[in-house]
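All remarks here apply to the structure that follows.
The sequence lines fix the lettering, A, B, ..., with proteins before strands; numbering per chain opens at 1.
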Amino acid sequence: MFSKILIANRGEIAVRVIRACREMGIGAVAVYSEADRASLHVRLADEAYLIGPPPSAQSYLNVDRIIETAKTAGVEAIHPGYGFLSENPDFAMRCEQERLVFIGPSSQAIRAMGGKTAGRSLAAKAGVPVVPGATRELSDQEVLQAVKEIGLPVVIKATAGGGGKGMRIVSTEADLAGAIRAARSEASSSFGNPAVYVERYLGGARHIEMQILADGGGRVVYLGERECSLQRRHQKVVEESPSPFVDADLRARMGEAAVKLAKAAGYTSAGTMEFLVDSGKNFYFLELNARLQVEHPVTEMVTGLDLVKEQIRIAAGEPISVRQDDIRLRGHAIECRIYAEDPFNNFMPSPGRIHTLRSPSGPGIRVDSGIYEGCEVSIYYDPIISKLIAWGRDRDEAIRRMRRALGEYVILGVKTSIPFHLRILEDPQVLAGQIHTRFLEEWLAKGLVGAKEGLAEIALVAGSLYLHTKKPLVQGSGGQGGPAESLWKLAARHEAVRRR
Amino acid sequence: MFSKILIANRGEIAVRVIRACREMGIGAVAVYSEADRASLHVRLADEAYLIGPPPSAQSYLNVDRIIETAKTAGVEAIHPGYGFLSENPDFAMRCEQERLVFIGPSSQAIRAMGGKTAGRSLAAKAGVPVVPGATRELSDQEVLQAVKEIGLPVVIKATAGGGGKGMRIVSTEADLAGAIRAARSEASSSFGNPAVYVERYLGGARHIEMQILADGGGRVVYLGERECSLQRRHQKVVEESPSPFVDADLRARMGEAAVKLAKAAGYTSAGTMEFLVDSGKNFYFLELNARLQVEHPVTEMVTGLDLVKEQIRIAAGEPISVRQDDIRLRGHAIECRIYAEDPFNNFMPSPGRIHTLRSPSGPGIRVDSGIYEGCEVSIYYDPIISKLIAWGRDRDEAIRRMRRALGEYVILGVKTSIPFHLRILEDPQVLAGQIHTRFLEEWLAKGLVGAKEGLAEIALVAGSLYLHTKKPLVQGSGGQGGPAESLWKLAARHEAVRRR
Amino acid sequence: MSYLADFQGRTYRVVVTAMGSPAAVQLDETTHEVDFTPIVGGLFSLLVKGRSYEVDVVEEGEGVLAIWVEGELHRIEFEETGRHRRKAARAGGQGKGGPQTIVAPMPGKVVKLLVASGQEVSAGQGVIVIEAMKMENELKATGPGVVKEIKVQEGAGVGGGEVLVVIE
Amino acid sequence: MSYLADFQGRTYRVVVTAMGSPAAVQLDETTHEVDFTPIVGGLFSLLVKGRSYEVDVVEEGEGVLAIWVEGELHRIEFEETGRHRRKAARAGGQGKGGPQTIVAPMPGKVVKLLVASGQEVSAGQGVIVIEAMKMENELKATGPGVVKEIKVQEGAGVGGGEVLVVIE
């Protein structure tokens, strides 16, 4: 087993990997940009090294600097988290060359499957159904041509994409050029690669993905599915496991297809096969995510496995710790991604200082967070600041726990998606599990429900008392019956409270 | 189902019950003493009512006031938590008379089993082995007489006891009188009942208890055991489920004995049968805890059940939600009780203001806490301020997660047992599961290991930099090379950090 | 102490008639007895007829309070009555037909300008693309007009609230 | 800036030779380069040769700092060199044979006095019982002596650090 690992990432996922390292007795080495000196992952790591200025291209994507740091710190392996360099075959290859273990699939496997187009073409060869569209990257001109063939609506996707970045749905020809430009630009800044392709957009389908683990000894297992249909702008918003739509038969068919594909690609480590599933329970392979997923905790909570530890063990040459027959899904888990964005203002990103933070806890609740009270949410990076995960014996209990925990979660100073999540999880269709990939967009088009009724009075009362108590005592400006005296009483009461 | 419940308790357990209510859509009504106006349970409840001055006898034990509050608030049921009125048959009977549902066993069942002596005598009749000793409360004189018969060492116990209160082990005759006095006095102030009895003290045995649920329809199930041998002064310190000592056969034998006893007593709700288990896997009934236990979360984490919800359902006349055959223990859970006490100064209670609080989270971690940053830990109540629970696929992973989480848990302003727990969970015998009820006392007699080496340098460096930076800038008092200028630079850097 | 409080287009009269435990606050016609207890920082615990509320208060400007109750934000402007200050006229003036200002909704970077000075724009037309937190956000014209002034260039960093483009 | 720091019976000489990022601190013979970053309140993040430490600092008195590093508390007394103040003599004087003071280790209530004024006590003998947080704690004589003064009575509330009984 490794004695020290470098984590080439930041935020909640770096914290997640640090925790796994600590539990395994492995030293955790963080890297940070100048914007992240005071970040939680730096504080919690055993060691931390500066790797460059705030923009990702100069820090978290700076391969030379990261490799150099790994050597200085004397680590044996690098965990890339998700995003950044996690699916970059050149980085994986560079690690291989430098005799650093890349905690993920081999560079060959990433090339074979990690790029979205390569994965599609391999799947088609292996006999797994794929969504109609291109199987290689396209020029702008070729995209226009392909769209003519497959028909609108289509989705433009970055071949190196992930997390909804570099992805645009296009329903009218007029929007095509702009969408290609935006997708390339986002892809370029997020993944250092502007390549895009196009595929048919299957509206009304579900996005369901299958988690697999594959080790160097040839064992491949599937860990059940995740339902990820609740998306906005192709960003997953809420994920759950199991899917309310998947029965044992469909799970086995999808799981076996995923295992077949992983074997065909010589894939190792944790990976996810994304599928679109239509109402007839037909599934179409979308892409392989050749890394840990943001939403891996829901699988962890229903299987009891720790996917990061499995990744590390596999990278160290150890076998997966379970056999297919021993994998049991228990209960139901659901995740809400807490974004720093304003759901009431077109989901505008909301960087800033978190001046107040109260986190939920108690039965069935897990918080994977990269924030703390007083921290800065930077403009430079992804707006995921925390993930809230709830487990219950069944879907109903999981959702009730999630709502309870969302109600306890107070993040002030930046806007967050918490009110959005609370409203999603009260929708009757969501509660019934009747969702698809366009569900949230359609639901949002109806407008977000505003503030609950009846709280304005409380706010008005609280505000006036707040102003009243903070007023300098000398300034007794009229009012009914000796305000100065009553203010003194109040001050005395506060003192008493404080002394208690 | 109830629409509103009053929680006749405070601290972490009141918060725990509030969370269950919220998840069930039931209104949660808190009560509080004058010392608890700013407590977490008051903040989180839907409603909260003052019930008296700080001393428990005038507030949390004030039956009339609690009943009156329940009626004013219009609740249908009362959850007593643990401690306080939870095992008081008069309170349960009063609820019954006032047509309020007591969320716990009937007053009859508490009388039959809840008092420690009554439970012992019923167990003996039912053919469940008991520890030798008295089966009724004794006068001081009778205790002395009984000790002559059963021989030293003995343990003096409050018949109404729980949580290690009103309990004293006596090894020499000289200590007997003082121990009886102390036990009666503690019992009186904790439970409003000075009655004590005596039983043989079985050194070297394990304390293992069996969780049961029993509903009004006659269904009784057992949910596996908890190993609670790590105790100090008869207070449990670390609990786990399953016990590393219990195999399937012993579990079934103890579980069936517990079920038999519960049926004999006409017991309903959640309850715990405590046993001493010797090295030959013989078990002796100690007592029934006719309430929710402090350590119930470890059972929840391995069974997936929510015991508070089960209690509420049973009280509302609904059946237990599982059958015996459906109960599966998954993985391993361990709990550390976080006490406000100083492990390096004879575990002196440590009330005060918590000025700094950072709570752990992430995979497998649950925090059931009654504290927040800025809160006061009162001198009036029990020193349990939080419970940290870790789940893992096996005991090793659970312990590693617990150590990781204890390392993340920072509570400053009061002393806590966290360093004590960290040291316990590094002991080779504890790791091997070789523990018994005297283990911790013997282990403590060897002396607690002090601070880790090598950190003093960091403290010295940090302290000097702290003093240096907080110094007023005007006061440039010598030193090497323009301290005033470098201080300005530092200030500028801080500003930059803040603006980021 | 008496306040006029503006919230969502309505003005409320709020009078604190007694402090202490409980305090009394008259809101329009009704008097509320309130136990108002400071917890820590801007967090207060309110008990109103037994109902428990957690309320976070942040002062955003003189008399302007952001108040969260049960997760919902209320931004309220309080003015003490008897003080004869006039409120400043509301900033912006985004009414139809008048000049529009396209303002950065958050700190970020200008990725692309989609219009040129002097160009005519229609309602809903994209004007500028701002990137923050790895997401591109296209800001649109709220109504038709002519681009009068472009105050930033591509690649520039901008602060939240900064005026980027003026359309007349 | 240069300090003498007393920790666990040893005195260290600590000199801050440079501020900035990193700062430099000379401890006895060795100079440490330290990135010392304030996080929030009394929490600081230190990077020393890449090693990351979270350090909480609380000022308990002038120059007296309680410093937590990785869960371990260090109580250190710093004195700026060049300032010619003498440290106050250490309080207490609990040496053998001298007068003992039995001090309340925490706020609580006197449950029982186990000795009377003028009574002889032996080492380890129980002197007084204090209750706090529902636990009774018997405070014992650290050595033999005679009870000189009892400063509290049964049932009284006492503050942490309050002298309860004096034994000579």
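Of the two parts of B:E341, neither the backbone nor the side chain holds a non-hydrogen atom closer than 4.5 Å to a non-hydrogen atom of chain D. Neither the backbone nor the side chain of D:V40 comes within contact range of chain B; no heavy atom of the residue lies under 4.5 Å from a heavy atom of that chain. Interface remark: D:L43 contributes side-chain atoms only to the contact with chain B (heavy atom separation under 4.5 Å). The contact between D:V55 and chain B is made entirely by side chain atoms (from C-beta outward), counting heavy-atom distances below 4.5 Å. In this structure, chain D has a heavy atom under 4.5 Å from the side chain of B:T356, while its backbone stays farther away.
Of all non-hydrogen atoms in B:M348 and D:L139, the two that sit nearest each other are CE-CD2, 3.5 Å. Of all heavy-atom pairs between D:V111 and B:S185, the closest is CG1-OG, 4.2 Å. Between D:A132 and B:P349 the shortest heavy-atom distance is O-CG, 3.8 Å. The two atoms that bring D:L46 and B:A462 nearest to each other are CD2-CB, 4.0 Å, heavy atoms only. Taking both residues in full, the closest heavy atoms of B:S464 and D:V25 are given as OG-CG1, 3.7 Å, listed atom of the first, atom of the second, then distance. Nearest heavy atom pair, residue B:L460 against residue D:V14, reads O-CG1, 4.1 Å.
Taking chain D as the reference chain and counting heavy-atom pairs below 4.5 Å, the highest number among B:P419, B:G407, B:S190, B:P351 is found for B:P351.
With a 4.5 Å cut-off on side-chain heavy atoms, D:L65 and B:Y466 count as touching. Side-chain contact between D:F36 and B:T469: present, with at least one pair of heavy atoms (C-beta onward) separated by less than 4.5 Å. Two residues are said to be in side-chain contact when any heavy atoms from C-beta on lie closer than 4.5 Å; B:I379 and D:M106 fail this criterion. Using a 4.5 Å heavy-atom cutoff, the side chains of D:V57 and B:K470 are not in contact.
Atom OG of B:S350 sits about 7.5 Å away from atom CE of D:M133, to the nearest 0.5 Å. Going from atom CG of B:N346 over to atom CD of D:E138 covers 11.0 Å, rounded to the nearest 0.5 Å. Summarising the geometry, atom OG belonging to B:S189 is positioned 7.5 Å from atom NZ belonging to D:K109; distances are rounded to the nearest 0.5 Å. Rounding to the nearest 0.5 Å gives a distance of 4.0 Å between CG of D:D56 and CZ of B:R358. Between atom OH of residue D:Y3 and atom CG of residue B:L465 there is a gap of 8.5 Å, rounded to the nearest 0.5 Å.
No donor-acceptor contact under 3.5 angstrom links the side chains of B:E457 and D:Y12, judged on distance only.
Of the charged side-chain nitrogens involved, at least one lies within less than 4.0 Å of a carboxylate oxygen, so that D:E72 and B:R423 count as a salt-bridged pair.
A search for ring pair (Phe, Tyr, Trp, His ring centres under 6.0 Å) contacts involving B:Y381 returns B:Y60, not counting sequence neighbours.
When the shell of 6.0 Å around CD of D:E33 is examined, it contains 12 or fewer heavy atoms from other residues, nucleotides or ligands.
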Just list the side-chain donor-acceptor pairs under 3.5 Å for residues 148-166 of chain D, sequence neighbours left out, or say none.
residue, atom, partner, partner atom, Å
D:E154, OE2, D:L113, N, 2.9
D:E162, OE1, D:G159, N, 2.8

